[in-house]
Structure formats: C-alpha cells, structure tokens
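This report concerns only the one structure given below.
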There are 2 protein chains.
Amino acid sequence: MLTIGQLAAYAGVTVRAVRHYHQIGLLPEPERDESGYRRYGAMAVVSLIKIRTLANAGVPLSQIGRMLEADASTFAEAVQRIDRHLREEIERLETSRRQIAQLASGDSLVLPPEVVSYLDRLREIGVAERVVEGERDGWILLAARWPDHIREIMPEKFAQLHDPQVVWLYRILSEMSESDADDDPRLEEIADVMAAGLAEQAQTSGETDLDDMTHDDLPFELLDALALESDPRSKRLMDLMRERGWASWTRMKPLADPPGGPT
Amino acid sequence: MLTIGQLAAYAGVTVRAVRHYHQIGLLPEPERDESGYRRYGAMAVVSLIKIRTLANAGVPLSQIGRMLEADASTFAEAVQRIDRHLREEIERLETSRRQIAQLASGDSLVLPPEVVSYLDRLREIGVAERVVEGERDGWILLAARWPDHIREIMPEKFAQLHDPQVVWLYRILSEMSESDADDDPRLEEIADVMAAGLAEQAQTSGETDLDDMTHDDLPFELLDALALESDPRSKRLMDLMRERGWASWTRMKPLADPPGGPT
DNA sequence: TGGAGGGCTGACGCAGCGTCAAGGTCAAGC
DNA sequence: GCTTGACCTTGACGCTGCGTCAGCCCTCCA
C-alpha cells in the first residue's frame with residue numbers, strides 16, 4: 001500500500017494536488033492506517049493518472065468527476081468537445097506567435113503584412129521615422145476595427161505612392177516633424193494639396209469597401225485624437241481642412257454629404 | 001475622447017479588465033472629466049492592444065509592464081523567450097490531444113500503441129474482458145514509470161503468445177474470471193506452469209532492459225496490490241508462487257538472487 | 001534516543017479578472 | 001421637467017487550482 005507521497009510521485013503530481021482532489025471529491029478518500037495516514041491501492045494510481053490526463057487537456061476539475069462516471073458514449077462525446085477545444089487553443093497560440101513576431105519586428109502588432117510592407121516602403125523613400133510611427137499607430141487602430149477590410153484597401157495606398165503630390169506630402173511632413181515650431185507657413189499649402197487629392201480620390205474610387213468603413217466614425221475620431229496628441233500643429237491643419245470643406249484629413253469624406261452622395 | 005466602455009470595446013476587452021490594469025499600474029490612469037469619468041486618448045488604445053497581444057501570448061501581467069518599458073534588444077530577447085514558451089505549450093497540447101484520443105479509444109491513456117495492439121491481440125484470441133482490463137491497468141502503471149523502456153519489451157510479449165502454455169494460461173484465467181469461486185483447484189496447476197515459464201525466460205533472456213526496471217520494486221508492488229484488489233484469488237496464487245521460489249508472478253525475478261546472478 | 005523526513009489539518013495567498021451592490025451621470029423621449 | 005435606460009464610479013467578495021506557511025504527530029534509521 002502506498003502513502004500519499006508515493007502515490008503523488010508515481011503519478012507525477014504534488015501531494016497538495018492529491019489532497020485537493022480529495023477535498024473537492026474528485027478522488028475518493030482512501031482508508032487510513034492506525035496512525036491516521038492515508039493508504040492507497042493501485043486503483044488510485046490509475047484514477048489519478050486519468051484525472052491528470054484530462055486536467056492537462058484543459059478540462060476543469062469540476063467536470064472531470066462527471067466525465068469519469070459517465071457511460072462510454074457520453075464520454076466519447078465529451079472527448080470530442082475537448083479535442084475541438086484543444087485544436088482551437090492550438091490555433092489561438094499559433095496566431096499569438098505570429099502577432100508577437102510582428103511586435104518584435106518593430107512594426108507593432110496585429111498589422112497585416114501588406115501594411116508592414118507599406119511602412120517599409122515609406123522608410124525607403126525617405127519618410128521620417130516619426131511620421132512612419134504616426135502612420136503605424138493609425139493603421140493599428142484601423143486594423144483593430146476592420147481586420148479583413150484593411151488588406152483590401154492596401155493596393156490603392158501603394159498606388160498612391162506613384163503620385164508625386166503624395167510623395168511631396170510625405171516629404172514635407174517629414175521635414176516638419178524634425179523641427180518643432182509651433183506653427184508653419186507651409187501648412188496652408190499642405191491643406192490645399194490634401195484637399196485636391198481627396199477630391200480627386202472621391203471622383204475615381206466610387207463605391208468601394210470604404211463605404212463599409214465610413215459608416216463608423218469612431219476610428220476616425222480616434223485618428224484625429226492620436227494626431228493631436230502626437231503634434232500640436234495637427235490642430236491647425238484640421239482647421240484648415242475644415243475651411244476647405246473636409247472633415248479633417250484622416251477621414252476621406254466631406255463635412256456634409258453632397259446630395260445623392262454616399263450616406 | 002473615449003469613455004472606458006468605448007476604449008474597452010475598441011480593444012476587445014471588458015471594462016473590468018481595463019480597470020484592473022489601472023489598479024496594478026499596467027495602464028496609466030487617464031485624466032477625469034468634470035463628472036469624474038475617465039477619458040482616454042488614442043495612445044491608450046494602442047497601449048491596450050499591446051498589453052492584450054502580450055497577455056494573449058501568456059505573458060503574466062506583472063511582466064508586461066517591464067517589457068513595454070524595456071529597450072529594443074531586451075524586448076527582442078523577451079519575445080524570443082515568449083515564442084519558445086508558446087512552441088512548448090503547443091507541443092504540450094498536441095501531446096494532450098494524442099493522450100485523450102487514446103483515452104477515448106477505451107484503452108486508457110499514456111499507453112504506447114504497441115501495448116494497445118497487444119491488448120487487441122489478447123481479445124482476438126479470446127481472453128476475457130476482465131483479464132484484458134487487468135493487463136491494461138498493469139501496463140498503465142508500468143508505462144507511467146518507464147515510458148521509454150516499455151516499447152522495447154513488447155516484441156518479446158508478442159512472441160510469447162506463440163507459446164501454447166502462455167495461451168493456455170490466459171484461457172484458464174479467463175474462465176476463472178467468469179466464475180467467482182473463493183478458491184479453485186486449478187490454481188496449483190497454474191502456479192506450476194508460471195514457475196516453469198519464468199525459469200525458462202530467466203535462462204534465455206539474459207541481460208535485457210529488464211535489468212533497468214527491476215532495480216525499482218515499487219511498480220511491481222503496485223501490480224501485486226492491483227491484482228489483490230481486483231480478485232481475492234490472487235492472494236492464494238501469490239502464496240503458491242512464493243512456495244515455488246518466485247516473488248509473486250508479476251515480477252520476473254526469484255525471491256533470492258542466485259549467486260552470480262543479476263543484482 | 002534523537003533527528004530527519006515524512007504525514008496530518010487548517011488557513012491564507014496568488015492571478016486575472018467576473019460579478020454583485022449601491023450609488024451618480026448622460027442623452028433621449030414625453 | 002421628469003422618467004428611463006444605458007453608462008460611469010468605488011468597494012468588496014468569488015472563482016480555479018493549487019503553493020506555501022504553521023503547528024503538530026508519526027516513522028524510520030543510525
């Protein structure tokens with residue numbers, strides 16, 4: 001007959017765990033010897049190994065008891081559920097691996113590879129790191145909201161990098177990011193170029209996935225707030241954009257929808 | 001500016017979780033508005049998403065704070081550790097899947113496939129289910145102790161099934177398992193055959209992996225105990241084996257080692 | 001015979017929140 | 001203006017699966 005220590009060592013668990021299983025009624029209390037010690041038979045070892053196998057699979061102790069008492073078909077069903085749960089958990093961990101890998105690569109988390117490529121491309125054409133970081137934080141917010149749509153609009157963003165005016169915008173923003181003047185005369189010029197670009201975009205793009213996104217203003221408000229936090233000149237730029245009839249530069253729609261336009 | 005509910009919804013967590021992160025100092029408390037409500041900026045969203053990404057990877061909250069403050073190389077190291085941990089966890093879950101699959105297939109857990117085949121073979125040659133279950137429980141104990149060695153001794157067990165006397169033993173034990181007489185005259189005959197078989201085995205097998213195993217008596221004592229629990233006639237059979245100079249029938253060694261024999 | 005190394009029963013501690021309780025606040029509709 | 005319902009506030013206890021004392025008894029070996 002085994003003492004509790006021997007039993008525990010045999011099944012690869014701690015003495016405390018065995019006593020816990022007794023306490024919650026999962027493992028029946030065995031007979032005691034004259035001195036009050038618990039004495040276990042071999043059946044207890046088998047039970048304990050079964051319990052650990054199920055517990056290792058993530059089954060809550062409160063369910064293990066019912067499972068071991070159930071008939072074969074009920075048990076088989078439960079095992080199916082556990083297996084499905086294990087597969088999901090493995091899937092979750094794989095996803096998590098990919099996410100922290102991106103986190104380590106510097107370019108944030110949850111960002112689809114297309115966005116990471118886009119940010120790298122910005123660095124290649126000489127956009128300042130501070131501006132790239134701003135873009136990145138913006139994309140994080142958008143990606144958190146529409147993980148699926150975000151990948152579909154990236155080709156368009158890449159195409160825009162062939163537009164000299166877009167490149168000029170990134171350049172000028174980069175220069176400004178390196179000085180920290182409270183105001184800048186170039187802001188007006190920037191606002192003009194942006195407004196023109198947005199107008200052109202509104203003409204050509206027509207009905208796109210953007211419609212799904214612009215129903216929900218929260219992320220764009222967040223983008224505004226983020227810009228304001230990172231640089232005070234954002235405030236002035238937003239005002240200038242509003243003067244030109246656009247609700248900030250982070251959202252691609254006019255202040256008041258024109259009649260017949262997208263709602 | 002966001003309320004706590006909006007922030008939580010955006011990052012896909014509960015309000016309670018956000019407050020918890022404040023409490024442990026993981027997420028800084030934001031400014032309050034006139035009515036005492038917390039008001040969050042966009043940076044908080046980014047921080048919260050980072051926290052969740054790490055927490056989902058299994059990093060304890062107490063470490064996440066330090067990680068986010070650390071410099072790039074320290075962070076990269078930590079990410080390496082996390083990834084290794086995730087891989088191990090996935091490995092563990094895969095193992096767990098295999099184990100509960102065996103558990104569902106009826107033939108216990110942790111049993112290597114060779115043993116499962118052996119048990120199936122016993123059923124094929126007509127060994128009673130109760131006897132097969134006894135074998136199975138015995139193998140569970142042995143497999144829990146020597147997960148590696150167990151596979152190496154299985155070919156020998158399969159070979160023994162070609163010995164008519166071994167088959168006869170299983171047959172007679174099967175018959176006895178279906179009656180529940182307190183004693184049986186055939187027990188003497190059984191003991192004779194077993195003793196002869198063990199003697200022959202001791203001659204031929206010589207130095208095998210068994211030596212590693214027989215250094216440790218605990219599992220064999222367990223096997224005895226298990227037999228005693230499952231059938232009272234086991235006691236009589238053990239006595240008969242001891243009369244013939246063997247320490248029970250579950251261990252394959254004589255009571256006193258012969259001079260010059262294995263220690 | 002004495003000391004190490006078990007065993008026994010409480011009882012509290014831990015993470016990471018969930019879930020009341022007992023209020024104060026805000027936006028909308030009547 | 002008043003109600004209603006959905007939020008917000010702090011504070012506190014609950015949950016899982018044990019780890020880890022504390023204070024005592026038991027056994028085995030030198």
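Below, chain A is the first sequence line, B the second, and so on; all start at residue 1.
Between the C1' atom of D:dC7 and the CG atom of B:L2 lies a distance of 14 Å, rounded to the nearest Å. The interatomic distance linking B:R39 (CZ) with D:dC7 (P) rounds to 13 Å, in whole Å. Straight-line distance from the CD atom of A:E31 to the C1' atom of C:dC8: 17 Å, rounded to whole Å. A straight line from CD1 of B:I4 to P of C:dT25 spans 17 Å, rounded to a whole angstrom. Remark: P of D:dC8 and CE of B:M1 are 15 Å apart, rounded to the nearest angstrom.
The nucleotide whose nearest atom lies closest to any side-chain atom of A:T3 is, among C:dC8, C:dG7, D:dT10, C:dG7.
The two residues B:V45 and B:Y10 have their closest heavy-atom pair at CG1-CD2, 3.7 Å.
Using a 4.0 Å heavy-atom criterion, one finds that A:R38 contacts the sugar-phosphate atoms exclusively.
With 3.5 Å as the limit, one finds a donor-acceptor pair spanning the side chains of A:D71 and A:T74. A:R52 and A:Y21 share a side-chain donor-acceptor pair at under 3.5 Å.
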5' to 3', nucleotides 13-27 of chain D under a 4.0 Å protein heavy-atom cut-off (B base, S sugar-phosphate only, - none) gives ----BBBB-----BS
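Dense packing is recorded around CD of A:E88, with more than 12 heavy atoms of other residues, nucleotides or ligands lying under 6.0 Å away. Around the CD atom of A:E29, the shell of radius 6.0 Å holds more than 12 heavy atoms that belong to other residues, nucleotides or ligands.
At D:dC8, none of the side-chain N or O atoms of B:R32 fall inside 4.0 Å of OP1 or OP2 (strictly under the cut-off). Not one side-chain nitrogen or oxygen of B:R19 sits closer than 4.0 Å to the OP1 or OP2 atom of C:dC17.
Here the straight-line distance linking atom CD1 of B:I49 with atom CG of B:N56 works out to 11.5 Å at 0.5 Å rounding.
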